[in-house]
Peer 1: 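I am attaching a structure below and will ask some questions about it afterwards.
Both counts, for ligands and for their atoms, begin at 1 and track the order of listing. Below, all heavy atoms of this structure are taken into account, side chains as well, without hydrogens, waters or symmetry copies. Residue numbers start at 1 and run along the sequence shown.
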Amino acid sequence: MKYDENNIFAKILRGEIPCKKIYENDYILSFYDINPQKKIHALVIPKGKYINLDDFITNASSNEMTGLLKGINTVAKMLKISVDTGKGYRALANIGEDGGQEVPHLHFHLFGGETVGKMVS
Ligand code: 5GP
């Protein structure tokens with residue numbers, strides 16, 4: 001499967017579509033989900049062109065992997081939902097068709113600010 005340069009998150013990364021930015025560094029961009037499912041619903045995406053988590057794990061560099069994981073933690077701290085700044089959160093990545101992934105650029109959802117509930121519905 002080839003990376004779709006015109007997916008919505010690619011357009012956000014290129015600045016062609018606005019987003020409500022939370023944080024950005026060399027490796028990741030984080031912004032609020034347009035259709036929040038919990039009180040806090042942030043997205044964290046790598047800047048590299050990776051379709052999903054499997055693609056990322058197979059092809060990303062160690063620095064990109066570290067950057068994404070640390071980025072999730074940084075954003076969680078900024079939003080005061082990490083276990084040391086708040087009460088915790090759920091990080092979730094939908095992967096592929098059965099995983100319910102709609103946007104084909106890897107993204108982690110961070111849900112928090114309230115009790116998130118049991119796993120998936
Ligand atoms: P997925 O189902 O692929 O895991 O999640 C895609 C997420 O992207 C959804 O939660 C959806 O609300 C969000 N989304 C789709 N289009 C946009 C957009 O243009 N801006 C933002 N901020 N989020 C979007």
Peer 1: Could you tell me whether a side-chain N or O of Q101 sits under 3.5 Å from a main-chain N or O of I51, the two making a donor and an acceptor?
Peer 2: yes
Peer 1: Is V103 in polar range of ligand 1, meaning some N or O pair under 3.5 Å apart?
Peer 2: yes
Peer 1: If you define the side chain from C-beta out and look only at heavy atoms, does anything of Y89 sit under 4.5 Å from I72?
Peer 2: yes
Peer 1: Nearest protein heavy-atom contact for atom 8 (O) of ligand 1: which residue, which atom, what distance?
Peer 2: F9 CZ, 3.4 Å
Peer 1: Measure the distance from atom 2 (O) of ligand 1 to every protein heavy atom, then report the residue, atom name and distance (to 0.1 Å) of the closest one.
Peer 2: G100 O, 3.2 Å
Peer 1: Closer than 4.0 angstrom: is that true for some heavy atom of K11 and an atom of ligand 1?
Peer 2: no
Peer 1: Heavy-atom distance under 4.5 Å between the side chains of Y50 and E64, does that happen here?
Peer 2: yes
Peer 1: Going by distance alone, is a donor N or O of one side chain under 3.5 Å from an acceptor N or O of the other, for N63 and S61?
Peer 2: no
Peer 1: Is there side-chain contact between I45 and F31, with at least one heavy-atom pair below 4.5 Å?
Peer 2: yes
Peer 1: Considering only protein heavy atoms, which is closest to atom 22 (N) of ligand 1, and at what distance to one decimal place?
Peer 2: Y32 O, 2.9 Å
Peer 1: Taking only heavy atoms of N94, which atoms of ligand 1 are found under 4.0 Å from at least one of them?
Peer 2: 1 (P), 2 (O), 4 (O)
Peer 1: Relative to the ring of F111, is the ring of H109 parallel (under 30°), tilted (30 to 60°) or perpendicular (over 60°)?
Peer 2: parallel
Peer 1: With heavy atoms only and a cut-off of under 4.0 Å, state how I34 meets ligand 1: side chain, backbone, both or neither.
Peer 2: both
Peer 1: Considering heavy atoms of the protein only, find what lies nearest to atom 12 (O) of ligand 1 and give residue, atom and distance to 0.1 Å.
Peer 2: D33 OD1, 2.5 Å
Peer 1: Could you tell me whether I8 approaches ligand 1 through its side chain, its backbone, both or neither, with non-hydrogen atoms closer than 4.0 Å?
Peer 2: side chain
Peer 1: Using a strict 4.0 Å threshold on nitrogen-to-oxygen distance, state whether E5 and K49 make a salt bridge.
Peer 2: yes
Peer 1: For a side chain to side chain contact (heavy atoms under 4.5 Å, CB included) check, start with the C-alpha distance between Y27 and L68, then their side-chain angles and the critical distance, and finish with the verdict.
Peer 2: CA-CA 7 Å; Y27 297 106; L68 178 59; over 6 Å; no
Peer 1: Specify side chain, backbone, both or neither for H107, according to which of its non-hydrogen atoms lie closer than 4.0 Å to ligand 1.
Peer 2: side chain
Peer 1: Using non-hydrogen atoms of the residue, decide whether I17 is closer than 4.0 angstrom to ligand 1.
Peer 2: no
Peer 1: Any idea how Y3 and H105 line up, ring-wise: parallel (<30°), tilted (30 to 60°), or perpendicular (>60°)?
Peer 2: perpendicular
Peer 1: Could you check atom 3 (O) of ligand 1 against the protein and tell me its nearest heavy-atom contact, residue, atom and distance included?
Peer 2: E102 N, 2.6 Å
Peer 1: Side chain, backbone, both or neither: which part of H109 comes within less than 4.0 Å of ligand 1 when only heavy atoms are counted?
Peer 2: side chain
Peer 1: Where's the contact between F108 and ligand 1, heavy-atom distance under 4.0 Å: side chain, backbone, both or neither?
Peer 2: neither
Peer 1: Going by the order shown, which atoms of ligand 1 are within less than 4.0 Å of some heavy atom of N35?
Peer 2: 12 (O)
Peer 1: Under a 4.0 angstrom heavy-atom cut-off, which atoms of ligand 1 come close to Q101?
Peer 2: 3 (O)
Peer 1: Where is the tightest heavy-atom contact between K39 and E114, given as atom of each residue plus distance?
Peer 2: N-OE2, 2.6 Å
